[in-house]
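Residue numbers run from 1 in the order of the sequence given. Both counts, for ligands and for their atoms, begin at 1 and track the order of listing.
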Amino acid sequence: MKHVVILGAGFAGLEAAICLRRKDYRVTLVSDRDFFFVSPTSIWIPTRELEFAANCIDLKELQEVHGFELVIDRVKAIRARDGEVDLASGARLSGYDHLVVAMGMEKIALPGMEHTLSICGPPENSLKIRDRLDALVAKAGGKIAMGFGGNPKDSSAVRGGPAFEVLFNVHHLLVKNGLRDRFELTFFAPMAKPGVRLGEKALSKIDTFFSRMSIQRRVGKKILRFEPETVIFEDGSRLNADFIMYIPGGRGHQVLIESDLPTTEAGFVRVDDQCRVVFEENADCPASVYAIGDSASLEGPEWRAKQGHIAEVMARTAAFNIVAADSGHSERRGHRDHLNVLCVMDSGNGAAFVYRDNNHGVVLPMPFLGHALKKGWLRYFRLSKLNRIPRLPGM
Ligand SMILES: Cc1cc2nc3c(=O)[nH]c(=O)nc-3n(C[C@H](O)[C@H](O)[C@H](O)COP(=O)(O)OP(=O)(O)OC[C@H]3O[C@@H](n4cnc5c(N)ncnc54)[C@H](O)[C@@H]3O)c2cc1C
């Protein structure tokens with residue numbers, strides 16, 4: 001039985017593990033936490049719309065259903081050319097036939113970022129944001145600023161959607177509590193047109209949301225640093241707020257940057273269309289190496305984005321190609337033809353369905369129904385990953 005080691009149990013790693021177990025591979029899945037965190041729906045934890053536990057799936061439960069080996073440990077070092085992975089506990093993984101890297105990404109640090117919290121940080125951050133919001137609601141007034149940054153070295157590593165979603169949900173929470181007129185909400189970002197990758201139609205929809213919800217905008221100015229309760233912009237202007245949520249731009253995972261894997265300027269592992277790591281010509285590795293999801297470089301149009309469903313496409317691509325290579329078939333699959341941006345941007349009491357690919361751009365307002373649909377997706381995701389209901393093709 002061929003043995004695959006998968007590093008990271010997020011969208012990419014879990015999907016690869018499931019696909020390869022179905023093909024009877026021995027799979028070892030390494031994760032630094034014992035649960036799968038459903039990040040797209042974590043936007044509801046800060047406003048208490050969703051309990052933290054309801055947004056997690058126990059990896060042990062997934063292990064029992066799919067039969068992979070689970071190692072809860074932190075990957076400390078990867079030496080692909082020696083076929084070795086070192087874990088924080090001191091254990092070493094070696095002798096595998098294939099290595100799949102799926103450890104997500106890290107964030108670009110700005111000075112003073114400790115004065116902010118990000119919904120895209122460690123899962124526990126969602127609870128810290130919730131506590132800060134609770135305190136402000138108890139005070140019955142204040143200023144809240146939420147925004148995101150980019151990475152000039154890689155336009156795919158921007159995570160803006162969750163900033164919009166949390167802000168809209170906070171607005172909705174304050175309206176429900178009869179407190180909206182006692183709060184000032186401000187959105188901030190360094191880009192002149194934050195969210196433009198979703199397409200011009202989506203951008204104008206976001207603008208409509210901002211105006212309708214009386215959310216102020218501070219955009220187009222580089223963020224220099226943060227101080228307690230303050231955002232400082234390049235031109236010296238300041239934005240004061242009792243609570244600041246800031247989602248930094250993404251960069252490669254430090255363990256991957258320090259490994260012998262080839263990385264881009266932004267620190268993402270260089271892969272080809274088949275999701276195979278692109279080593280220089282004379283590199284000799286004892287096992288084949290793939291990188292998928294947020295850890296991997298994503299080549300394609302300017303609007304491309306690192307997203308959960310793209311991570312799963314890359315996982316299925318890598319799994320297919322691993323199986324094809326082992327069984328001597330010449331067919332290979334690529335992920336680049338499947339690039340699109342897809343999101344159900346939640347606003348607390350509705351959502352906008354946004355889709356973009358090379359040929360189409362769709363924005364569909366879905367009052368009430370959109371919110372329920374996203375809730376339904378979380379349920380579908382959990383049950384289908386646990387094999388309790390069949391999976392819909394491509395989802
Ligand atoms: C708040 C939020 C909302 C989002 N909304 C959407 C959305 O609506 N639609 C969408 O498509 N995408 C969305 N995304 C993006 C999506 O979640 C990511 O693109 C996706 O999670 C990438 O999957 P991944 O497996 O590559 O990385 P991750 O899901 O980040 O998984 C990486 C895994 O590796 C583990 N890991 C990291 N370092 C180590 C280590 N040293 N040792 C062992 N394990 C390690 C982590 O614990 C984690 O489980 C959202 C993200 C966030 C944070």
Remaining members of the apolar cluster that contains Phe233, side-chain heavy atoms under 4.5 Å:
Leu110, Met113, Phe188, Ile223, Phe226, Val231, Leu239, Ile244, Tyr246

Is the shortest distance from a Lys or Arg side-chain nitrogen in Glu280 or Arg81 to a carboxylate oxygen in the other one below 4.0 Å?
yes

If you group Ile, Leu, Val, Met, Phe, Trp and Tyr whenever their side-chain heavy atoms sit less than 4.5 Å apart, what else falls in with Phe320?
none

So, using ring-ring contact (aromatic ring centres under 6.0 Å, His included) as the criterion, who are the partners of Phe148 when residues are at least two apart?
Phe164, Phe187

Applying a heavy-atom distance cut-off of 4.0 Å, which protein residues contact ligand 1?
Gly8, Ala9, Gly10, Phe11, Ala12, Ser31, Asp32, Arg33, Ser39, Pro40, Ser42, Asp73, Arg74, Val75, Ala102, Met103, Gly104, Ile119, Cys120, Arg159, Pro162, His253, Gly293, Asp294, Lys306, Gln307, Gly308, His309, Ala311, Lys374

Any ion pair linking Asp260 and Arg79 (charged N to carboxylate O, less than 4.0 Å)?
no

Would you please say whether a donor-acceptor pair under 3.5 Å links the side chains of Asp357 and Trp303?
no

